[in-house]
Protein chains: 2
Amino acid sequence: MILDPVDLRLLEHLQKNGQATAQELGEVLHLSASQAGRRRQKLEETGVIHHYAARLDPAKLGLSVQAFVQVQLDRHGAEHGASFARLLKTRPEITSAWTMTGEADYLLRVYCPDLASLNRLIHEVLLANPVVSRVHSQIVMDQPKADAPLPLG
Amino acid sequence: MILDPVDLRLLEHLQKNGQATAQELGEVLHLSASQAGRRRQKLEETGVIHHYAARLDPAKLGLSVQAFVQVQLDRHGAEHGASFARLLKTRPEITSAWTMTGEADYLLRVYCPDLASLNRLIHEVLLANPVVSRVHSQIVMDQPKADAPLPLG
DNA sequence: GGTGAAATCTACCTAGG
DNA sequence: CCTAGGTAGATTTCACC
């Protein structure tokens, strides 16, 4: 699928407001509402737009502690990685996990109601797991930039 | 604002499908559509729901390189942090930035079309900045867990 | 919890390059 | 023939009962 500059501006807008109506999109893009809606539909069908999501305010939900946790597995092997990957899915506090080049480390993004529950996660879940060799956690103090739209230029 | 278990299930659903209609929410929650819509409206007004966003597929947009970059500032001071914070806003590849406890480090989440542009960002933008002392970048290989709903239990 | 007016979406249709 | 703009029926929302 080819994305022209109008598509990119449409995507930029929909990332900021996923509830924008076809009419609103048309005004922003200087198109008719029907054309804007048609473009949006195309982008949904082709999977460029993966889904729509409500973004919540963690503080208002009592999730006052955010952290990034780096986890180092003691032995590198497919079966170890797989068992750890299963663990990730069972822990709702871990909202995202990435593996990186170089080390077979995981980077985890974690939301907890308080420091105690973060420490429980680290000690009773992560360090208690025999596959895990080391963890290093850093608590988020401030988020000067949050979930900006993807760079589409 | 008090959130009862029904609100939490509503939020969980809206994080997965931000376009759920009041009727759909009502079916999930075993409520009437009008009650489900009323709850949602309340959660929007009180800011528990911050906004709605379209989630895009980075690969389909040509953003094949994701990375986390840790940036260490050479001197810790309010004015240095502020100048770096301004830099963050000017770079669309940097979609999120966090400051952590302990060090005055920044963790940056970055999306680039290729390795060359990531390297340009690191060397010509970050390291070229006099405030920056060291950077350490890790390229994302895999994302076994991606943007799961916030833990609302 | 239910109802109805207003707004919105979407499929279909028409016009122009 | 393909792309842009317009129209109508169905659906959804939201203020009110």
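In what follows, chains are A, B, ... by sequence order, proteins preceding strands, each numbered from 1. The analysis underlying the following values was restricted to heavy atoms, covering all of them including side chains, and did not include hydrogens, waters or symmetry mates.
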Participant: Return the value, rounded to whole Å, for the distance between atom CD of E27(A) and atom P of dA7(C).
Facilitator: 14 Å
Participant: Taking the minimum atom-to-atom distance to the side chain of S32(B), which one of dG1(C), dT10(C), dT13(D) wins?
Facilitator: dG1(C)
Participant: Is the closest side-chain heavy-atom distance between Y111(B) and E93(B) below 4.5 Å?
Facilitator: no
Participant: Check L3(B) against D7(B) and note the closest heavy-atom contact, atom names and distance.
Facilitator: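 For L3(B) and D7(B), the tightest heavy-atom pair comes out as CA-OD2, 3.7 Å.
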Participant: Starting from P on dT3(C), measure out to CZ on R38(B) and report it in whole angstrom.
Facilitator: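 Taking CZ of R38(B) and P of dT3(C), I get 15 Å after rounding.
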Participant: Whole Å only: how far is the CZ atom of R39(A) from the C1' atom of dA4(D)?
Facilitator: 10 Å
Participant: Look at Q23(B) and dT12(D) and indicate whether a side-chain polar atom (N or O) is within less than 4.0 Å of OP1 or OP2.
Facilitator: yes
Participant: Considering every strand and a 4.0 Å limit on heavy-atom distances, what is the contact class for T21(A): base, sugar-phosphate, or nothing?
Facilitator: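 Sugar-phosphate: the residue T21(A), judged by heavy atoms under 4.0 Å, touches backbone atoms but no base.
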Participant: What closest approach, in Å, do G26(A) and A36(A) show between heavy atoms, and which atom pair accounts for it?
Facilitator: N-CB, 3.6 Å
Participant: Kindly point out which of dG5(D), dT13(D), dC9(C) is positioned nearest to the side chain of L31(A)?
Facilitator: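 For the L31(A) side chain, the nearest candidate turns out to be dG5(D).
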Participant: Between S96(A) (side chain) and D147(B) (backbone), is there a donor-acceptor pair under 3.5 Å?
Facilitator: yes
Participant: Calculate the interatomic distance between H30(A) atom NE2 and dT3(D) atom P; express it in whole Å.
Facilitator: 22 Å
Participant: Would a distance-only check, ignoring hydrogens and angles, find a side-chain to backbone donor-acceptor pair under 3.5 Å from T99(A) to D142(B)?
Facilitator: yes
Participant: On the side chain of S34(B), is there an atom forming a donor-acceptor pair with the base of dG2(C) - under 3.5 Å, no angle test?
Facilitator: yes
Participant: Whole-Å distance between dG1(C) C1' and Q35(B) CD?
Facilitator: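 To the nearest whole Å, that distance equals 6 Å.
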Participant: What is the separation between atom CD on Q19(B) and atom P on dT8(C), rounded to the nearest whole Å?
Facilitator: 15 Å
Participant: Does dA11(C) have OP1 or OP2 sitting under 4.0 Å from an N or O in the side chain of Q41(A)?
Facilitator: yes
Participant: L25(A) CG to dT8(C) P: how many Å, rounded?
Facilitator: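 So the CG-P distance, L25(A) to dT8(C), works out to 12 Å.
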Participant: What's the CD-C1' distance between E24(A) and dT8(C), to the nearest Å?
Facilitator: 12 Å
